[in-house]
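This report refers to the structure that appears directly beneath it.
Whatever order the structure lists them in is the order used to number ligands and atoms, beginning at 1. Remember, predicted model here, so these are calculated numbers, not experimental data.
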Amino acid sequence: MLITLEGLDGSGKTTVWEALHDVYPDATFTSEPTDSWYGEAVGRSMGDPDADPLAELFLYTADHANHLSETVRPALADDGLVISDRYSDSRFAYQGATLARADAGIRRPLEYVRGIHAAFSRPPDATIYLDLDPETAAERAGRTDKFERDGYLAAVGDNYERLIDADPARFHRVDATRAPEDVVARVEDIVAGLVDR
Ligand SMILES: Nc1ncnc2c1ncn2[C@@H]1O[C@H](COP(=O)(O)OP(=O)(O)OP(=O)(O)O)[C@@H](O)[C@H]1O
Ligand SMILES: Cc1cn([C@H]2C[C@H](O)[C@@H](COP(=O)(O)O)O2)c(=O)[nH]c1=O
């Protein structure tokens, strides 16, 4: 089973992901961007305020393709539980928002990014969405990179809402404004329900 954690920067995904390690010691814990050289290329692009938005989309997508073949598909083939801190929905939400702002000539950016993935990706079985307003998200994340500005994060949040509307059965919304221990407990309950069913 593939479970993904999604949400705005600073919504608490990594905090939850780390807490789940103790509960599921045999699971494969992974994340995007990965720490492969593809992920390093993504990191270079993220650090460049003038990076071409289409080139950046394809760097993230290349990292995803490698993540699938090297980590996700092998673990699932062994009947394992895979828990990923960010996955394809991050691309749909973030690069969908970036392309919409960039005037890159893409008419329906979110649908375009989804379409690129349709041919090769493996959708998550379930996705936990840590729901946080963009102002608090930017505050928590420290506004350190080009993605962490609240105006941009508001557009990303709108895209996540569109994704949830399109596939409500897959998404499990968690109120990420609550205290960390409450958020962790809620996510652990959801994951237990998913794994047991
Ligand atoms: N529920 C919470 N309430 C308040 N602060 C929190 C909560 N969860 C996490 N934090 C704090 O917010 C910051 C970001 O948390 P974390 O790294 O888990 O988020 P993230 O979603 O993985 O962020 P990013 O996408 O930017 O990597 C950290 O300082 C963390 O301690
Ligand atoms: C996977 C992925 C990530 N991003 C953005 C979101 C964050 O601002 C950074 C790094 O993520 P992290 O959780 O802080 O490590 O990258 C993106 O725009 N598109 C993606 O596909």
Side-chain angles (χ1 to χ4, degrees), residues 4-21 29-36 38-49 51-68 71-72 83-102 104 109-110 112-114 116-117 121 123-124 127-160 163 173-188:
T4 60
L5 302 173
E6 292 284 356
L8 301 182
D9 296 80
S11 57
K13 298 175 303 301
T14 307
T15 301
V16 163
W17 181 82
E18 282 170 358
L20 289 169
H21 281 66
F29 284 90
T30 186
S31 58
E32 291 188 11
T34 70
D35 56 9
S36 70
Y38 299 97
E40 285 170 20
V42 166
R44 287 186 63 179
S45 186
M46 283 167 54
D48 177 0
D52 180 86
L54 265 180
E56 189 164 85
L57 163 66
F58 289 113
L59 288 175
Y60 275 112
T61 307
D63 187 43
H64 180 65
N66 184 64
H67 186 210
L68 274 168
T71 305
V72 176
I83 301 181
S84 187
D85 180 350
R86 294 197 183 280
Y87 191 73
S88 48
D89 290 306
S90 284
R91 223 120 41 247
F92 307 157
Y94 280 78
Q95 275 60 60
T98 306
L99 289 174
R101 295 190 147 202
L110 189 150
Y112 173 73
V113 180
R114 288 186 75 170
I116 289 169
H117 286 69
S121 190
T127 298
I128 295 169
Y129 180 62
L130 297 181
D131 189 4
L132 189 64
D133 59 276
E135 294 78 18
T136 312
E139 198 70 37
R140 279 198 205 162
R143 293 187 169 91
T144 52
D145 69 30
K146 62 183 176 180
F147 295 126
E148 291 171 349
R149 286 179 235 116
D150 28 2
Y152 174 69
L153 289 179
V156 173
D158 289 345
N159 279 346
Y160 272 123
L163 294 166
R173 189 190 295 268
V174 171
D175 180 357
T177 64
R178 306 284 300 272
E181 58 272 25
D182 294 344
V183 174
V184 166
R186 180 72 195 113
V187 172
E188 285 180 357

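- Residue R86 places a heavy atom less than 4.0 Å from ligand 1.
- With ligand atoms numbered from 1 in the order given, ligand 1 contributes 8 (N), 9 (C), 16 (P), 18 (O), 19 (O), 20 (P), 21 (O) to contacts under 4.0 Å with heavy atoms of G12.
- An N or O contact shorter than 3.5 Å links D9 to ligand 2 by distance.
- With hydrogens and angles left out, the side-chain atoms of S45 and D48 include no donor and acceptor closer than 3.5 Å.
- When non-hydrogen atoms are compared, ligand 1 lies under 4.0 Å from the backbone of R178 (N, CA, C, O) but not from its side chain.
- Here the shortest heavy-atom distance to atom 3 (C) of ligand 2, taken over Y60, W17, Y87, Y94, belongs to Y60.
- In summary, the side chains of R86 and Y94 do present a donor paired with an acceptor at a separation below 3.5 Å, with no hydrogens or angles considered.
- Of the polar atoms of Q95, at least one N or O is found under 3.5 Å from an N or O of ligand 2, judged by distance alone.
- At least one heavy atom of G10 sits less than 4.0 Å from an atom of ligand 1.
- Relative to atom 11 (O) of ligand 2, the option among M46, E32, E56, R86 with the closest non-hydrogen atom is R86.
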Exercise. Where do Y38 and H64 land on the ring pair (Phe, Tyr, Trp, His ring centres under 6.0 Å) test, with the steps shown first?
Worked result: CA-CA 9 Å; Y38 299 97; H64 180 65; over 10 Å; no

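- The residue among T14, V16, V184 with a heavy atom at the shortest distance from atom 22 (O) of ligand 1 is T14.
- Interface atoms of ligand 1 facing A179, defined by a heavy-atom separation under 4.0 Å, are 1 (N).
- Judged purely by distance below 3.5 Å, without hydrogens or angles, the side chains of Y129 and S11 never pair a donor atom with an acceptor atom.
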Problem set entry | Working for side chain to side chain contact (heavy atoms under 4.5 Å, CB included), residues Y160 and D89 | CA-CA 8 Å; Y160 272 123; D89 290 306; 4.2 Å; yes

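- Those atoms of ligand 1 with a heavy atom of P180 less than 4.0 angstrom away are 1 (N), 2 (C), 3 (N), 7 (C).
- For the pair W17 (side chain) and I83 (backbone), a donor-acceptor distance under 3.5 Å is present.
- Ligand 1 places these atoms under 4.0 Å from at least one heavy atom of T15: 9 (C), 15 (O), 16 (P), 18 (O).
- Counted by atom type alone, T4 and T127 present one or more donor-acceptor pairs between their side chains at under 3.5 Å.
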